[in-house]
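Reviewing the structure listed below.
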Amino acid sequence: MPKVLVATEKPFAPKAVQEIRDILTEAGYELALLEKYTEKKDLLDAVADIDGLIIRSDIVDSSVLEAAKNLKIVVRAGAGYDNIDLVAATAKGVVAMNTPGQNSNAVAELALGMMIYIARGQFNGKAGTELKNKTLGIHAYGNVGKLVAKIAKGFGMQVFAFDPFVGSATIEADGVIAVKSQEELYSKCRYISLHIPATGETKGSIDFELLSKMPDGAVLVNTARKEVVNEEGLKKMFAERKDFCYATDVAPDCTDELVQYETRYFATPKKMGAQTAEANINAGIAAAQQIVAYINKGDTTFQVNK
Ligand code: 3PG
């Protein structure tokens, strides 16, 4: 009987765990749960005899892969898979997958919620501003970026997007203005919503030079990854641009130096973009189904280490 471990330092909603259990039980698999673990050793012990692994932002590095002697597949229930050592997984013959699109709506809603929160001075009772008629730049037009654009248009925002991997015709079909460079996006837009993955190329790429192109009343919203923002540049923006605001779901390492900016800075205490019952259920079900489809039929549809 194949054994699947759900290892989530930040647990899924109970309903999502039940759905995963139902799918695995139906397939004749065994489910093991490791939630809210604080020690890496607990994860290393729990993977010893598993065939499949479902994770969220949990780190699957070479030591985890080494400890998981029977592991065949790891599924990141979510979009970004920068927490999996893909080279080590490939070397061990372990298939890695994500579940693209399954938690996108939750993240998109949070991005818009953060824009409103900042526009209204973090609900401090003073006169704020509205999103209507403001310019919004979507940095990367994937599953989340596309949804942010759709919701923002409902608020009456003027929406622009930049994505080197998505054709302008695709973007413009959604009534969004496609721009040719990130510099153009940042120059045009008062609000920027980040949706780029953390890769060797993007890490630290949102720097002072780019941010300082933003017009007056600049608001940067980051529901993507903390690593994409250059923290020296971020601190310089706060110091030099008294209008600049930053709202993030992925707190930077320099948070302690930014809390002084009060209504201009906001970070969630823990990443919560995808932390809704709906997103957990969608991503959890997809992850369990993908594991069963791979182990039973060799289906590699969502493999990211091909
Ligand atoms: C993702 O990449 O899917 C999001 O960042 C969600 O991450 P989480 O599952 O840790 O909430």
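Indexing begins at 1, ligand by ligand and atom by atom, following the structure's order.
The ligand atoms of ligand 1 that sit less than 4.0 angstrom from a heavy atom of Ala274 are 6 (C), 11 (O). In the vicinity of Asn103, heavy-atom distances shorter than 4.0 Å reach the ligand 1 atoms 1 (C), 3 (O), 6 (C). Interface atoms of ligand 1 facing Arg225, defined by a heavy-atom separation under 4.0 Å, are 1 (C), 2 (O), 5 (O).
Between Glu231 and Lys235 there is no salt bridge, since none of the side-chain N atoms of the basic residue sits less than 4.0 Å from a carboxylate O of the acidic one. By the 4.0 Å N-to-carboxylate-O rule, Asp243 lies close enough to Arg241 to be salt-bridged with it. Of the charged side-chain nitrogens involved, none lies within less than 4.0 Å of a carboxylate oxygen, so that Lys203 and Asp82 do not count as a salt-bridged pair.
By heavy-atom distance, the residue among Arg76, Gln275, Glu9, Arg56 lying nearest atom 7 (O) of ligand 1 is Arg76.
Only side-chain heavy atoms of Lys10 come within less than 4.0 Å of ligand 1; its backbone N, CA, C and O stay farther off. When non-hydrogen atoms are compared, ligand 1 lies under 4.0 Å from neither the backbone nor the side chain of Asn98. If you look at Met272 next to ligand 1, there are no close heavy atoms at all, none under 4.0 Å.
For ligand 1, the polar-atom distance check against Gly78 finds no nitrogen or oxygen pair separated by under 3.5 Å.
Remark: the Ser205 side chain and the Thr202 side chain contain no N/O donor-acceptor pair separated by less than 3.5 Å. Under the 3.5 Å distance criterion, with hydrogens and angles disregarded, a donor-acceptor pair is assigned to the side chains of Asp249 and Thr268. Counting only N and O atoms by type, the side chains of Thr90 and Asn305 include a donor and acceptor under 3.5 Å apart.
Annotation: cation-pi geometry not satisfied between Lys134 and Tyr191 (NZ/CZ under 6.0 angstrom from ring centroid, within 45° of ring axis).
Atom 3 (O) of ligand 1 has its closest protein heavy atom at Ala79 N, 2.6 Å. Closest to atom 10 (O) of ligand 1 among all protein heavy atoms lies Ser57 OG, 2.5 Å.
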